[in-house]
2 protein chains.
Amino acid sequence: MATTRTDPLTFEVVQLIGSVVARYHEEYERAAAEHSLTGAQARLLGLLSVEPLPMRRIARKLKCEPSNVTGIVDRLEARGLVERRPDPDDRRVKLAAPTASGLATAKLLRGSLDFAREPLAELSDDERRTLRDLLRRMLGDDAEL
Amino acid sequence: MATTRTDPLTFEVVQLIGSVVARYHEEYERAAAEHSLTGAQARLLGLLSVEPLPMRRIARKLKCEPSNVTGIVDRLEARGLVERRPDPDDRRVKLAAPTASGLATAKLLRGSLDFAREPLAELSDDERRTLRDLLRRMLGDDAEL
DNA sequence: TATTGTTATACTCTATAACTATA
DNA sequence: TATAGTTATAGAGTATAACAATA
């Protein structure tokens, strides 16, 4: 187990990461707004575009309370981007799934998210590989939910 | 001007950055909550701990509307962490400044923010330097406000 | 009994627009 | 008239607690 550092170099890297986080967030919200979605709605729709999920699992993925998911799905459903389906195996659960329109929006959204690639344009392939490896090591075994 | 890429390597780096962002955010909110602050309150208090600022400038720094700053400062002021001072040079402006208690809280908060250093513990000094340089290049000339 | 999703409630953050007091 | 800060309003996200249906 390595030890946490407090030297100036580490401090600067932490600050740089803070800047990346701020930038990423701004651009993500902007991209969502372009499709008249809030950040939370865009994240939820992005999740569902991979696979339909029970409300409970969405809450775990989004790291929020299940009661919040009800509202976000309600608003996406009102716009025809998501629908609730029964789960044949357990009548308690409802599966949230994107509609065709929802899938299309999710795809457009991913396109708008090109933004995230833009700051990388400055780096060569070798540098990207290096960055990828360093980020992988930083994140370690990031458990899926 | 370099071009935006769409190759798998770039895609993976973008995803990794997304993970870093998610992790950073979680931990930031957790650290703020430890001091019974919301994320927005913690960010505002952190800003003021560097130097007192007019409400308007806080809004620009936080990239939100000035009307929101009123509420956040209200809540911090109600808890005795921040105070409003008149600006001698312009009687229209109010300077928000941390109290002694606010400064102490900001310092504790920065301490709790050690979290951000933790994922870096896996990297050697050389690797940190490399990461720093890559992030700097990614961010380019990030204009101050 | 335990779990799933929902409702009810309360608080915070957010943007918009209208207001006030200065400049 | 222009600017700084505020208020009023409305919408969205958040957590907590209590509830119905199902397991």
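Predicted model only: the values in this text are computed from it and were never measured.
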B:Arg23 bridged to B:Glu26 by N-O distance under 4.0 Å:
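Salt bridge flag = no for B:Glu26 with B:Arg23.
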Report the residue (A:Pro54 or B:Gln41) whose heavy-atom-nearest nucleotide on DNA chain C is the more 5′ of the two.
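That would be A:Pro54.
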Tell me the interatomic distance from [X], atom [atom1], to [N], atom [atom2], rounded to whole angstroms.
X       : N      : atom1 : atom2 : answer
B:Arg60 : D:dG5  : CZ    : C1'   : 14 Å
A:Asn68 : C:dA8  : CG    : P     : 16 Å
B:Arg79 : C:dT12 : CZ    : C1'   : 13 Å
B:Arg85 : D:dA4  : CZ    : C1'   : 18 Å
B:Ile72 : D:dT6  : CD1   : P     : 12 Å
B:Ile58 : D:dA4  : CD1   : P     : 13 Å
A:Glu77 : C:dG5  : CD    : P     : 14 Å
A:Asp87 : C:dT3  : CG    : P     : 17 Å

How far apart are the closest heavy atoms of B:Arg128 and B:Ala121, and which atoms are they?
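It is NH2-CA, 3.7 Å.
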May I ask you to say what A:Arg84 touches in the nucleic acid, namely base, sugar-phosphate or nothing, with a heavy-atom cut-off under 4.0 Å?
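Sugar-phosphate contact only.
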A:Arg132 side chain vs B:Leu9 backbone, donor-acceptor pair below 3.5 Å
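No.
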Does a side-chain N or O from [X] land closer than 4.0 Å to OP1 or OP2 of [N], or not?
X       : N      : value
A:Arg56 : C:dT4  : yes
A:Ser67 : D:dA17 : no
A:Lys63 : D:dT14 : no
A:Thr70 : C:dT6  : yes
A:Arg75 : D:dG13 : yes
A:Thr38 : D:dG11 : no

Test log, rule side chain to side chain contact (heavy atoms under 4.5 Å, CB included), inputs B:Ile17 and B:Met138:
CA-CA 12 Å; B:Ile17 291 175; B:Met138 263 187 65; 3.8 Å; yes
Run the side chain to side chain contact (heavy atoms under 4.5 Å, CB included) test on B:Glu12 and A:Arg136 for me, step by step, so that the C-alpha distance in whole Å, both residues' side-chain angles and the decisive distance to 0.1 Å come before the verdict.
CA-CA 10 Å; B:Glu12 190 184 350; A:Arg136 273 184 181 163; 2.6 Å; yes
Is it true that the side chains of A:Arg110 and A:Ser49 contain a donor and an acceptor less than 3.5 Å apart?
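Looking only at side-chain atoms, A:Ser49 and A:Arg110 do form a donor-acceptor pair, the distance falling under 3.5 Å.
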Could you say whether B:Lys94 or A:Gly71 is positioned toward the 5' end of DNA chain D, judged by the nucleotide with the nearest heavy atom to each?
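Looking at DNA chain D, the more 5' nearest nucleotide goes with B:Lys94.
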If you check every side-chain atom of [X], which of [options] has the closest atom?
X       : options               : result
A:Glu65 : D:dT16, D:dT6, C:dG5  : D:dT16
B:Asp90 : C:dG5, D:dA15, C:dA23 : C:dA23
A:Arg91 : D:dG13, D:dT7, D:dA23 : D:dA23
B:Arg92 : D:dA12, D:dG5, D:dT3  : D:dT3

